[in-house]
Asks: 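Got a structure here, written out as structure tokens. Questions coming.
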Amino acid sequence: MVFDKKRDSIDPILNFFAKNLTRFNPDIFTWIALLFAILAGFFFYISTPSNELISYYLFFASIFVFLNGLFDAIDGKIAKLTKKTSLRGDFLDHALDRYADVCIVGGIALSQWCDMRIGIIALVGVLLTSYMGTQAQAVGLKRMYAGLLGRADRLVILMIVPIIQHILIQMDIIHMWNFTLIEWAMIYLAIMGNFTAIQRFYSTLKHFKKIKRKE
């Protein structure tokens, strides 16, 4: 939740880019963000710890994760600036975000960097965290961003860790306590993602208990 709390501090930067892109439909950037997620997942999948040259693909994966996050943030800013916010746009944004999560985390889960079982648990945590946030909104509450691991935090981890992993390979360090650094990151996503989903689940239930008491 660390980076999700910093949303307001980066708003001026996002607004700067968005103001220069208002002539475009915000939905275009939503789809472009998904394209970058697909590319990130692809480069995670084809990179390998056993080939130093191919491990450079981790840099491309990291860049595409960053671009996914950037364009995903800009589309909403453009929609607000051009007064094109709508339920349709909100739905499209959240739906494609989930596909983006599957592409990025799934690409790692299927790669040689991570045990697939760990990857699947991490993906479940990521999807359930987002689901609990939107489901709270669906039942009449505000969109929930609370919890220890939000989407911004996940993206920052998946931007930084691959670069460090590549540096470690240059130092002839592939595994740390039997796992690659990327695998450790996925373990963290698996644990904290599912924990965050549970946090949001109980936070929503507590809200309904408060309403019942008032009645």
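Not measured: the values here are computed from a predicted model.
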Asks: Of all the heavy-atom pairs spanning P26 and K84, show the shortest one and how long it is.
Replies: CD-CD, 4.0 Å
Asks: Does the side chain of D75 come under 3.5 Å of the side chain of T30 through a donor N or O and an acceptor N or O?
Replies: yes
Asks: Please report the closest heavy-atom contact between L158 and F44, naming both atoms and the distance.
Replies: O-CZ, 3.9 Å
Asks: Can you tell if the side chain of D93 reaches within under 4.5 Å of the side chain of D27, non-hydrogen atoms only?
Replies: no
Asks: Which heavy-atom pair separates L58 from P162 by the least distance, and what is that distance?
Replies: CD1-O, 3.6 Å
Asks: Using 30° and 60° as the class limits, which term best fits the ring planes of F64 and F36: parallel, tilted or perpendicular?
Replies: parallel
Asks: Under 3.5 Å, sequence neighbours excluded: what are the donor-acceptor pairs made by side chains of residues 99-109?
Replies:
from: D101; atom 1: OD1; to: R151; atom 2: NE; distance (Å): 3.1
from: D101; atom 1: OD1; to: R151; atom 2: NH2; distance (Å): 3.4
from: D101; atom 1: OD2; to: R98; atom 2: NE; distance (Å): 3.2
from: D101; atom 1: OD2; to: R98; atom 2: NH2; distance (Å): 3.0
from: D101; atom 1: OD2; to: R154; atom 2: NH2; distance (Å): 3.3

Asks: What's the separation between atom NZ in K80 and atom OG1 in T85, rounded to the nearest 0.5 Å?
Replies: 8.5 Å
Asks: Nearest heavy-atom pair of L148 and Q199: which atoms, and what distance?
Replies: N-OE1, 3.0 Å
Asks: Is there a side-chain contact (heavy atoms from CB on, under 4.5 Å) between L149 and L189? Walk through the geometry before answering.
Replies: CA-CA 8 Å; L149 189 69; L189 294 185; 3.6 Å; yes
Asks: Please report the interatomic distance CD(Q135) to CZ(R200), rounded to the nearest 0.5 Å.
Replies: 13.0 Å
Asks: Y45 and S111: which non-hydrogen atoms are nearest, and at how many Å?
Replies: CA-CB, 3.9 Å
